[in-house]
Engineer: 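Starting off with a structure, shown below.
Model, not experiment: these values are computed from the prediction.
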Amino acid sequence: MSPTSSATPAKPRKAPAKRPPAPALPADERAALDADLDRLDAGAKVWVALTLDQRARLLGRVRDAVGAVAQEWADTATMSKGLTPGHPLSGEEWLGGPYAVIGLLDALRETLEALAKGRSPLDGVALDEAPGGRVRAHTFPLNGTEKFLLSGFTGEVWFEPGVSASEATRAAGLAQLTPTESGGVGLVLGAGNVTSIPIADVLYELFAHNRVALLKVNPTQDALVPVFERALAALIEPGFVRIVRGGAATGAYLTSHPRFAHVHITGSAATFDAIVWGTGTDAAAARESGTPKLPVPITAELGGVSPIIVVPGRWTAADLTYQAQHVATMRLVNAGHNCIAGQVVIVSSDWPQREEFLRELHTAYAAAPERPVWYPRSDERLEAAASAYPDAVWSADRTRAIVDVGQGEGADPVETVEYFAPILGVALVGGTGQEFLDAAVAHANDKLTGTLGANVIIDPVTERALGDGFERAMADLRYGDIAINTWTAFNFLTARLTWGGFPGATLADVSSGIGVVHNALLLDRVERSVARGPFRPFPRSIGKGVFSILPTPPWFLSSRTGAEVCAGLTRYLVDGRLPGLVKTLTKAMRA
């Protein structure tokens, strides 16, 4: 996950709030952490002695363990967010937990098996040219199961300009091309919102970098530590992974520890800056001198303000309702506590159906199931939005709001502050067709904080009419992940796509982060990943653009059977039993 360079500078963001220094860690806790590091030092020597085949078999053992704890994983995660096991919204804990991890384990194992046979992970993957002379790899779907279960969905990885097809193929494999060269011991500071993230980040340390890892979980996920320990037992026992709990004092001790070769964090830019530069006057002096407090490399995934660009077209009433539910889902899954969440809808002020679409959006937003807004300090974010937008339209007992973006020259708070809570902005941009799309892309690039993920909704007729202009506009979007007629959550969940901010961030201006994760093909010098989905679900997809057998996707908040379908799809990945899959697909048709 090496930092990549780019001629495009990262977008500016507001200066983070100052944080008080962490308290000192007691001596016994320091000693316990040092003992974990001793074990990892020994494990690093064993790791580099393993062959690729042995590592692949090890992944198989981890997969079996994840399958064994999948139900407990999903139930524990659901309860940690204030819901009951089996709740209609619990499907997101299946998808964002064991489902995502099993998919990553399977894809990584196939990559290792290919490398062990002397093949590139890109052998057999279609490569062609993306706009701007870029090489593009079509990495999803790659097997019959993916083609069937997610028909109509595709995924591409775009390499940086200047990377040739032969170079991309030769470099695929990253540190697994030199498996006997140790990357040392890495520190992973786990995310607090989505349960697959800490495990996926540890796997990336091991396989992209040959680096054993200590994972410090976020306190919001403390209840899941026993589940994680059983899931990763095959990696913990030989000393390849250690998992610890702890708060700010533990984090401060670990990030200043001299025995780590690398740090990876999923979290906020404020936390990143505190790790890299320190806090208070010390941080200001470090920045001014260009001397980071952190002496080792760091990679990060830090979120941002994600756009949802709605390209005007001639939509049916069903299209308007469905896509309004789509947008509401992008903001409200996990109570909005997602770096992946769409936060600003960009709509054409000249679209004849604009008012009708926005009415549908308000209806879908208010009608989505109510749930706790559970992430720490969310109440402060909701209060900040209420203060900034006195005319906001609130719903769900004032736990979610839609706000109108002002028409001034400067950016609005909803465009510059990642609320990490259920606040959705609506921005108006003039024009139709290519004029609107280019203006919307410029608005997203120039006014919205961050470069992580962008969503684009466009009907097939309009996309065909725009032709090459549409693809050029997608290339102009400076985001590390783009989702067309789907949500960037699809990018996140798809193991052979990459997840991370657009290249060009620096320690001084980190934007949405440095480097990528997931990336099960272990591709080097990646610029972005692009997912594409069907504009209409089954059966309206028949004969109208991209065909899909999926009705309302199970991750939609409006799906009546979403929890059962997400659980069933995960169980099918675990056991491969066709009768269970048939039952799950039957429920999906009743969504």
Side-chain angles (χ1 to χ4, degrees), residues 1-2 52-53 55-63 66-67 95-117 119-127 136-147 149-150 153-159 168-177 179 183 188 194 196-211 213 231-232 235 264 266 299 301 480-481 488-500 515-531 570 573:
M1 199 160 38
S2 302
L52 294 177
D53 281 328
R55 295 179 186 187
R57 288 195 294 272
L58 196 60
L59 284 173
R61 290 177 56 196
V62 176
R63 185 195 200 281
V66 172
L95 289 184
Y99 177 94
V101 170
I102 291 172
L104 180 58
L105 290 165
D106 285 345
L108 281 171
R109 185 174 184 177
E110 290 177 12
T111 290
L112 292 179
E113 290 170 345
L115 290 168
K117 295 174 182 176
R119 297 190 289 107
S120 168
L122 279 177
D123 287 351
V125 176
L127 301 177
R136 168 174 56 190
H138 296 265
T139 62
F140 184 91
L142 288 185
N143 58 54
T145 299
E146 293 173 344
K147 291 176 183 177
L149 292 181
L150 289 163
F153 289 83
T154 60
E156 311 154 6
V157 175
W158 292 21
F159 293 90
T169 301
R170 282 196 306 271
L174 295 179
Q176 298 309 300
L177 296 173
V188 173
V194 176
S196 64
I197 294 176
I199 307 303
D201 290 350
V202 164
L203 292 172
Y204 203 69
E205 287 290 286
L206 280 168
F207 292 97
H209 303 295
N210 267 348
R211 198 154 42 221
L232 297 185
L235 300 175
H264 176 78
T266 298
T299 50
E301 190 269 275
D481 282 271
T488 48
F490 183 87
N491 304 51
F492 174 88
L493 290 173
T494 302
R496 294 186 184 89
L497 297 180
T498 57
W499 184 251
V516 299
V517 290
H518 304 176
N519 186 25
L521 292 171
L522 302 179
L523 306 177
D524 195 20
R525 297 184 62 190
V526 168
E527 182 185 64
R528 72 184 84 197
S529 288
V530 180
T570 306
L573 288 188

Engineer: Could you grab the distance from atom CG of Asp53 to atom CZ of Arg57, nearest 0.5 Å is fine?
Structural biologist: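 Between atom CG of Asp53 and atom CZ of Arg57 there are 5.5 Å.
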Engineer: Charged N to carboxylate O under 4.0 angstrom, Glu156 versus Arg496?
Structural biologist: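 So Glu156 does not pair with Arg496 through a salt bridge.
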Engineer: Are the side chain of His518 and the backbone of Phe492 linked by a donor-acceptor contact shorter than 3.5 Å?
Structural biologist: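 Checked: pair present.
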Engineer: Specify the closest pair of heavy atoms between Leu497 and Gly155, including all atoms of both residues, with the distance to one decimal.
Structural biologist: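 Answer, listing the atom of Leu497 first, then Gly155: CD2-C, 3.8 Å.
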Engineer: Can you tell me how far the CG atom of Leu522 sits from the CG atom of Leu177, to the nearest 0.5 Å?
Structural biologist: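 Those atoms lie 8.5 Å apart.
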Engineer: Over 60° means perpendicular and under 30° means parallel, so classify the ring planes of Phe140 and Phe490, tilted if in between.
Structural biologist: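 Perpendicular.
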Engineer: Before you tell me yes or no, could you show the steps for Glu205 and Val188 under side chain to side chain contact (heavy atoms under 4.5 Å, CB included), namely the whole-Å CA-CA distance, both residues' side-chain angles and the distance that decides it to 0.1 Å?
Structural biologist: CA-CA 8 Å; Glu205 287 290 286; Val188 173; 3.7 Å; yes
Engineer: Nearest 0.5 Å please: distance from the CG atom of Leu104 over to the CG atom of Leu493.
Structural biologist: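 Going from the CG atom of Leu104 to the CG atom of Leu493 covers 11.0 Å.
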Engineer: Would you name the heavy atoms of Ala208 and Leu174 that are closest together and state the gap between them?
Structural biologist: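 Minimum heavy-atom separation between Ala208 and Leu174: O-CB, 3.6 Å.
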Engineer: If the test is side-chain contact (heavy atoms from CB on, under 4.5 Å), which one of Asn491, Val516, Thr494 qualifies with Trp499?
Structural biologist: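 Of Asn491, Val516, Thr494, side-chain contact (heavy atoms from CB on, under 4.5 Å) with Trp499 is met by Asn491 alone.
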Engineer: Looking at every heavy atom in both Gly173 and Leu115, which two are closest together, and how far apart are they?
Structural biologist: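 Smallest interatomic distance, heavy atoms only, reads CA-CD1, 4.0 Å.
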Engineer: Counting only N and O atoms by type, is there a donor-acceptor contact under 3.5 Å from the side chain of Thr169 to the main-chain atoms of Leu122?
Structural biologist: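 Not confirmed, Thr169 side chain does not pair with Leu122 backbone.
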Engineer: Looking at Phe153 and Pro141, what are the two nearest heavy atoms and their distance?
Structural biologist: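 Minimum heavy-atom separation between Phe153 and Pro141: O-CD, 3.8 Å.
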Engineer: Treating Gln176 as the side-chain partner and Phe207 as the backbone partner, does any N or O pair qualify as donor plus acceptor under 3.5 Å?
Structural biologist: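 Yes; judged by distance alone, with no hydrogens or angles, the pair exists.
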Engineer: Taking Asp123 for the side chain and Ser120 for the main chain, is one N or O donor matched with an acceptor at less than 3.5 Å?
Structural biologist: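 Judged by distance alone, yes, a pair lies under 3.5 Å.
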Engineer: Describe, in one word, how the ring planes of His209 and Tyr204 are oriented to each other, choosing from parallel (under 30°), tilted (30 to 60°) and perpendicular (over 60°).
Structural biologist: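 Plane angle over 60°, so perpendicular.
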Engineer: Check the pair Val517 / Thr498 against side chain to side chain contact (heavy atoms under 4.5 Å, CB included), numbers first and verdict last.
Structural biologist: CA-CA 6 Å; Val517 290; Thr498 57; over 6 Å; no
Engineer: Between Thr299 and His264 (side chain of the first, backbone of the second, donor and acceptor by atom type, cut-off under 3.5 Å), is there such a pair?
Structural biologist: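 No, the answer is negative, given that no donor and acceptor are paired below the 3.5 Å cut-off.
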Engineer: CD1 of Ile102 to CZ of Arg63: how many Å apart, nearest 0.5 Å?
Structural biologist: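 Reported value, rounded in 0.5 Å steps: 5.5 Å.
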Engineer: Evaluate side chain to side chain contact (heavy atoms under 4.5 Å, CB included) for Val526 paired with Trp158, printing each intermediate quantity in order.
Structural biologist: CA-CA 6 Å; Val526 168; Trp158 292 21; over 6 Å; no
Engineer: Is Asn210 reaching over with its side chain to a backbone N or O of Pro179, donor-acceptor style, under 3.5 angstrom?
Structural biologist: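 A pair under 3.5 Å: yes.
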Engineer: Which value, rounded to the nearest 0.5 Å, describes the distance between Thr145 atom OG1 and Leu573 atom CG?
Structural biologist: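 If we round to the nearest 0.5 Å, Thr145:OG1 and Leu573:CG are 8.5 Å apart.
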Engineer: Grab the two heavy atoms, one from Arg109 and one from Gly60, that are nearest each other, plus how far apart they are.
Structural biologist: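 That closest heavy-atom pairing would be NH1-CA, 3.3 Å.
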Engineer: Quick one: closest heavy-atom pair of Ala520 and Ala107, and the distance?
Structural biologist: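 Nearest heavy atoms, Ala520 then Ala107: CB-CB, 3.4 Å.
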Engineer: Closer than 4.0 angstrom, basic N to acidic O: yes or no for Arg55 and Glu113?
Structural biologist: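 Looking at Arg55 and Glu113, the cut-off is not met.
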Engineer: Give, for atom CG of Leu59 and atom CG of Leu105, the distance between the pair rounded to the nearest 0.5 Å.
Structural biologist: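 Leu59 atom CG to Leu105 atom CG measures 6.0 Å (nearest 0.5 Å).
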Engineer: Is Arg528 salt-bridged to Asp481, cutoff N-O under 4.0 Å?
Structural biologist: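 No.
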